[in-house]
Number of protein chains: 2
Amino acid sequence: MATIKDVARRAGVSTATVSAVMNDTAFVSPELRARVVTAIRELRYEPSLAARNLRRSRSQLIALAVADLSNPFYARIVWSAEAAVAAWGYSLVLFNSDEKPDTERRILSRIRTLGCDGMVLVPVGAANQYQPHEFDGIATVLLGRSIEGNGADTVTIDNRSAGRQAVDYLLDLGHRRIGSVTGPMQLSTSKGRLDGMIDAMAARGLAPQPGHVRSGEFREEAAYSVARDMMGSPDRPTAIYVANGVMAIGVMRAIADLGLRCPQDVSIVSTDTVAGAGGLKPRLTRTEHPIADMTNEALRLLVDRIEERGSEPVRSIVFQPALIVGESCTPLRRDFG
Amino acid sequence: MATIKDVARRAGVSTATVSAVMNDTAFVSPELRARVVTAIRELRYEPSLAARNLRRSRSQLIALAVADLSNPFYARIVWSAEAAVAAWGYSLVLFNSDEKPDTERRILSRIRTLGCDGMVLVPVGAANQYQPHEFDGIATVLLGRSIEGNGADTVTIDNRSAGRQAVDYLLDLGHRRIGSVTGPMQLSTSKGRLDGMIDAMAARGLAPQPGHVRSGEFREEAAYSVARDMMGSPDRPTAIYVANGVMAIGVMRAIADLGLRCPQDVSIVSTDTVAGAGGLKPRLTRTEHPIADMTNEALRLLVDRIEERGSEPVRSIVFQPALIVGESCTPLRRDFG
DNA sequence: CCCTGATAGCTAATCGTTTCGCTGAAGTCT
DNA sequence: AGACTTCAGCGAAACGATTAGCTATCAGGG
């Protein structure tokens, strides 16, 4: 690879001038500029980011660490994030913590070593696993999940509202025995969605039966076994609120394997759904997150932090989910009620 | 951030010794080593990759440029690749060319500037768009699609076999009027799959009718409109081979919107399917690619190239697809034949 | 005609590592 | 005892860019 010295020698100028031309950082006479540009082209010169970054102490890298790359929800975040990062002139370094706090710890250290200018983190594990100043020294935006008391900007969705909307819909259809398959309780997302469900039922003087709320990992298999267990019993719920899209697939499979039909025998509402499932039957009724908007906003905040050295107050942005009606619910038939 | 000099000063040794301890690159007496290790811990020293890479001319970065991040197929590649890259001690820089040759060109230049040690590329566009030595100077593995005459290692699947297996299955069920919804013809993948279909039919003295082979972008919407058009005509095929998972979703939606049922009215076989769709009805009959194996193999080849400076001959590895039978096909009813 | 001010472009220091080559103390052999 | 090895650890030169500060040129005013 040609270096800036080769270009300088060929153009008969100093390296400083080449640098000035590259970065448009000082006036260079048209004649010299032309010679430099020619030399750059002839030598196919591309500046070394390693050297530039060493000098500028910038890396042009933004890290994204998601909780589970196998989940289409995060795959969509990655998709949006790549586009946004590129649009801001950075490149995206991708990490998958796989819901494991230990892996996440290694990733954070790696991000530091790489000298990433900033990171978007979907945190794994409970809030108390983080030091109070865990993210000092590197611009950070937390996405989707929040950590109390950590001075990082946060972009989340209103999970409580998602749970409330979903269960309100089921209640409006006449369902009363409503169950839920939800994620791990130490995650703010799972907790929020369940709280929303409880809110909605409480508003009508109801509460979920203890055995009708089951939690497990945010994975299809976990949801399958939990749902199969819950729906096998005689006083099974007539409707289920499922806390995430991948789990909804597992729940539907469990129901089918038990010989039950959706929506005739069981109504299902989920929060989030997997991409592509829209083409198959029955279409899920679900609350949807504005993933692209959330991700873009997270990156806007991050780039803002990176480029403004000023320490503005911590910002926290909450997006609202929307209920999308599909075909996975029916009104409760009163003759059974 | 503490630098190596700070550590050296604090431990009362030279920077060379600190470096030796960090990299285990020379013998250091236990006593000095202990002092250095303590100093590192106390100062929370993390070496600057920018400086290290400048010196070593390595970046520890592997780039992955995929053709379409919105496609779950590539999302799964990203998932596998992140894990493999991390396992080899590198970090993953992710790019999405969005099937646009211009974007791909910018990405390649960016990868050079970043000084990535290697890249895995899902190339976009026809072979003639690349210079003969386009990839010189950076270790490259082409994944999924190949480019003739470019000296890069390649990992692909046998697309022709995929098409052949899929259509053979339909022929075995008695179907004769078989259509296909396939991708852009300039891509080796689309062409290979269609060739396989033609092979299979030719082996029984058949050939697809001209109007029954339609191509479009590898996207759900394109497949939807193409399928809707094809299936609207009276001599519509009794079975369709769809060249990719996302398109299969579009085709199924088109069929449903036309009031047809799958599999009763139309049988569908696809190559690849979207993750999660396995939980919904009807389960697709499809050929599957060993994505994780392919990706791991691509990274093994790449790391091999990066770390062995030797210029071994170009390697090309072809994986075999497997037919997975779902519920989206039925035997042709003879009374209509 | 000299002095001043403006400024295009150069020289050299710098960023934080790695690594070559050197020093000097200790050990080994005759 | 003297000469020769060995080798732990050090000093300083890279790596390839940016950039502060300097030099030299030129125009214009007195």
Side-chain angles (χ1 to χ4, degrees), chain A residues 1-40 43-61 109-110 112-117 137-138, chain B residues 1-40 43-61 89 109-110 112-117 137-138 307:
Chain A
M1 281 291 282
T3 76
I4 200 173
K5 277 187 197 158
D6 302 324
V7 175
R9 197 175 315 124
R10 177 149 193 145
V13 300
S14 75
T15 62
T17 303
V18 179
S19 177
V21 170
M22 287 296 298
N23 304 299
D24 211 13
T25 182
F27 183 87
V28 177
S29 67
E31 186 204 358
L32 282 202
R33 170 177 298 271
R35 296 215 316 257
V36 169
V37 168
T38 310
I40 288 174
L43 295 172
R44 293 227 187 93
Y45 168 67
E46 310 229 13
S48 145
L49 260 209
R52 169 178 290 176
N53 294 337
L54 173 59
R55 188 52 229 238
R56 289 195 182 154
S57 51
R58 291 290 235 77
S59 68
Q60 315 247 64
L61 257 27
S109 150
R110 180 86 187 163
R112 281 210 136 77
T113 300
L114 279 170
C116 293
D117 293 340
I138 176 164
Chain B
M1 280 291 281
T3 75
I4 200 173
K5 277 188 197 157
D6 302 324
V7 176
R9 198 175 314 124
R10 178 154 193 141
V13 301
S14 74
T15 61
T17 304
V18 179
S19 176
V21 170
M22 287 297 298
N23 304 299
D24 211 14
T25 182
F27 183 87
V28 177
S29 69
E31 185 204 359
L32 281 202
R33 171 178 298 272
R35 295 212 321 253
V36 169
V37 167
T38 310
I40 288 174
L43 295 172
R44 293 227 185 92
Y45 167 67
E46 309 228 15
S48 143
L49 261 208
R52 169 177 289 176
N53 293 337
L54 173 59
R55 186 54 229 231
R56 289 194 182 156
S57 48
R58 290 287 236 77
S59 68
Q60 314 248 63
L61 258 27
S109 151
R110 179 88 186 162
R112 282 209 134 78
T113 299
L114 279 170
C116 292
D117 293 338
I138 176 164
E307 297 182 356

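Every chain is numbered from 1 and lettered A, B, ... according to where its sequence line falls, protein lines coming before strand lines. Hydrogens, waters and symmetry mates play no part in the numbers below; they use all other heavy atoms, side chains included.
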How far apart are the closest heavy atoms of B:Leu114 and B:Ser59, and which atoms are they? O-CB, 4.2 Å
Whole angstrom value for the distance that separates C1' of C:dT19 from CD1 of B:Ile4: 11 Å
If you round to the nearest 0.5 Å, how far is OG of B:Ser48 from CZ of B:Arg55? 14.0 Å
Does D:dT18 have its OP1 or OP2 closer than 4.0 Å to a side-chain nitrogen or oxygen of A:Ser19? yes
Residue of the set A:Arg56, A:Arg112, A:Arg58 for which salt bridge (charged side-chain N to carboxylate O under 4.0 Å, His left out) holds with A:Asp117: A:Arg58
Find the distance A:Arg56:CZ to D:dC15:P and express it as a whole number of Å. 21 Å
C:dC15 C1' sits how many Å from B:Lys5 NZ, rounded? 8 Å
Whole Å only: how far is the CG atom of A:Leu54 from the C1' atom of D:dA14? 13 Å
Return no unless some side-chain N or O of A:Asn53 is found under 4.0 Å from OP1 or OP2 of C:dC15. no
Is there any protein nitrogen or oxygen under 3.5 Å from a nitrogen or oxygen in nucleotides 21-24 of chain C, and what are the pairs?
none

Residues at least two apart in sequence or cross-chain that pass side chain to side chain donor-acceptor pair (under 3.5 Å) with A:Arg10, listed by chain then number, are A:Glu42
Treating primed atoms plus P, OP1 and OP2 as sugar-phosphate and everything else as base, which nucleotides of nucleotides 4-13 of chain D get B, S or - for protein heavy atoms under 4.0 Å? ----SSBBBB
As an exercise, state the distance from CG of A:Leu43 to OG1 of A:Thr38, rounded to the nearest 0.5 Å. 10.5 Å
Here the distance between atom C1' of D:dG16 and atom CG of B:Leu49, to the nearest Å, is 17 Å
From CA spacing to verdict: salt bridge (charged side-chain N to carboxylate O under 4.0 Å, His left out), A:Arg33, A:Asp24: CA-CA 10 Å; A:Arg33 170 177 298 271; A:Asp24 211 13; 3.6 Å; yes
Please examine the side chains of A:Val28 and A:Val36, heavy atoms only from C-beta on, and report whether any two atoms are closer than 4.5 Å. no
If you measure from CG on A:Leu61 to CG on A:Leu49, what distance do you get to the nearest 0.5 Å? 8.0 Å
Rounded to the nearest Å, what distance is computed from the CG atom of residue A:Asp24 to the P atom of nucleotide D:dT18? 13 Å
